[in-house]
Amino acid sequence: MCAKRFGQSQPTKIDKLIESAVRYCHKRHPEALDSSFDYLSVNLNQQVVTGILTALQKDIDTLSWFCDYMASEINRSEDNQKPHHPIAQLSKTLITSGMEPFTDFMPYPGCRIVILNSEKFESLPESVQAVVQQAFDIKESIGKEAQRINDALLQELVVQE
């Protein structure tokens with residue numbers, strides 16, 4: 001028994017998963033994230049995503065990259081090495097405008113985004129709304145439909161081919 005750790009709580013499995021996932025996000029390593037999510041239950045996937053969002057709250061660039069990762073139909077490193085990431089740019093625009101990912105908006109597979117909080121989106125400056133609407137295919141949804149889409153996206157992490 002090591003005296004250094006006596007009386008200190010040990011990190012849980014979920015803490016370790018979140019820590020490694022955040023590290024993979026910082027390194028922009030989609031394959032490592034894929035392997036992390038592939039073997040987790042939907043419940044654990046949701047906990048890891050929530051932990052990532054909390055950990056990256058002040059790191060807008062990495063959080064935007066994570067949104068792009070979540071929206072990628074095929075997560076390959078060459079896709080994430082391109083200089084232009086539409087979902088990452090859109091996510092960054094929305095985050096810096098005060099919208100919360102996976103609460104007010106959600107990246108969705110393909111180059112789409114789901115606006116979960118229409119009122120908050122409509123309260124953004126018209127210039128931001130115009131950029132978002134011109135550059136991206138936006139699908140609006142509310143209530144149970146939004147939750148269904150969120151659950152389906154997390155389920156895709158489990159059932160990736």
Side-chain angles (χ1 to χ4, degrees), residues 8-77 79-80 85-124 128 132 136-161:
Q8 295 179 353
S9 63
Q10 298 294 314
T12 64
K13 177 183 177 182
I14 193 70
D15 292 335
K16 292 176 183 178
L17 290 169
I18 291 168
E19 183 180 316
S20 64
V22 168
R23 189 173 43 254
Y24 297 146
C25 287
H26 283 292
K27 291 180 179 181
R28 309 294 198 266
H29 199 308
E31 292 87 359
L33 278 174
D34 288 347
S35 65
S36 295
F37 286 123
D38 282 348
Y39 302 105
L40 299 178
S41 67
V42 173
N43 183 40
L44 281 177
N45 275 333
Q46 290 173 330
Q47 290 179 47
V48 171
V49 168
T50 300
I52 291 170
L53 295 174
T54 301
L56 297 178
Q57 192 172 25
K58 296 186 188 231
D59 185 353
I60 294 173
D61 289 330
T62 304
L63 184 56
S64 300
W65 179 88
F66 180 68
C67 289
D68 187 55
Y69 164 82
M70 293 295 283
S72 297
E73 288 183 276
I74 301 171
N75 297 312
R76 298 184 312 215
S77 58
D79 291 339
N80 291 291
H85 305 282
I87 296 297
Q89 290 176 350
L90 171 62
S91 297
K92 187 173 185 176
T93 299
L94 292 173
I95 293 166
T96 56
S97 298
M99 293 191 75
E100 297 289 327
F102 300 90
T103 300
D104 297 325
F105 74 93
M106 187 162 98
Y108 196 71
C111 288
R112 294 181 288 160
I113 194 140
V114 177
I115 301 297
L116 301 172
N117 187 339
S118 297
E119 289 178 22
K120 195 168 185 180
F121 179 74
E122 290 167 4
S123 71
L124 297 177
V128 172
V132 171
F136 301 94
D137 178 15
I138 299 174
K139 178 181 178 180
E140 291 190 28
S141 181
I142 58 173
K144 290 182 182 179
E145 177 67 11
Q147 185 60 47
R148 185 192 64 74
I149 292 169
N150 193 10
D151 292 342
L153 179 60
L154 289 173
Q155 183 63 32
E156 285 182 32
L157 291 172
V158 176
V159 188
Q160 290 181 348
E161 295 179 344

>> Looking at every heavy atom in both K16 and P11, which two are closest together, and how far apart are they?
In response: CE-O, 3.9 Å
>> Can you list everything that forms a side chain to side chain contact (heavy atoms under 4.5 Å, CB included) with K27? Sequence neighbours excluded, please.
In response: R23, H29
>> According to side chain to side chain donor-acceptor pair (under 3.5 Å), who are the partners of T12, at least two apart in sequence or on a separate chain?
In response: D15
> Less than 4.5 Å apart, any side-chain heavy atom of D104 and any of L94?
Replying inline: no
> Which distance, rounded to the nearest 0.5 Å, do you find between the NE2 of H26 and the CH2 of W65?
Replying inline: 10.5 Å
> Taking all non-hydrogen atoms of both residues, which atom of C67 and which atom of P107 are closest, and how far apart?
Replying inline: O-CB, 3.2 Å
> Do F105 and L116 have side chains that get closer than 4.5 Å, going by heavy atoms?
Replying inline: no
>> Run the side chain to side chain contact (heavy atoms under 4.5 Å, CB included) test against T96 and tell me which residues pass, sequence neighbours left out.
In response: I60, K92
> Any side-chain heavy-atom pair from L44 and K13 closer than 4.5 angstrom?
Replying inline: yes
>> Whether the side chain of S123 engages the backbone of K120 through a donor-acceptor N/O pair (distance < 3.5 Å, no angle test) should be reported.
In response: yes
>> Applying side chain to side chain donor-acceptor pair (under 3.5 Å), can you list everything that pairs with T62, at least two apart in sequence or on another chain?
In response: R28, D59
> Quick one: does S36's side chain get under 4.5 Å of L17's, heavy atoms only?
Replying inline: no
> At what distance, to the nearest 0.5 angstrom, does CG of D68 lie from CD of Q89?
Replying inline: 9.0 Å
> Who passes side chain to side chain contact (heavy atoms under 4.5 Å, CB included) against K58, sequence neighbours left out?
Replying inline: none
> What residues, two or more places apart in sequence or in another chain, satisfy side chain to side chain contact (heavy atoms under 4.5 Å, CB included) together with A21?
Replying inline: L33, V48, I52
>> Rounded at 0.5 Å granularity, tell me how far CZ in F102 sits from CG in L63.
In response: 8.0 Å
> Any side-chain heavy atom of L56 sitting closer than 4.5 Å to one from V22?
Replying inline: yes
>> Quick check: closest heavy atoms across S97 and L124, and the distance to 0.1 Å?
In response: O-CD2, 3.3 Å
> Distance from T103 atom OG1 to N117 atom CG, nearest 0.5 Å?
Replying inline: 9.0 Å
> Do Y24 and D34 meet the criterion of a side-chain donor-acceptor pair at a distance under 3.5 Å?
Replying inline: no
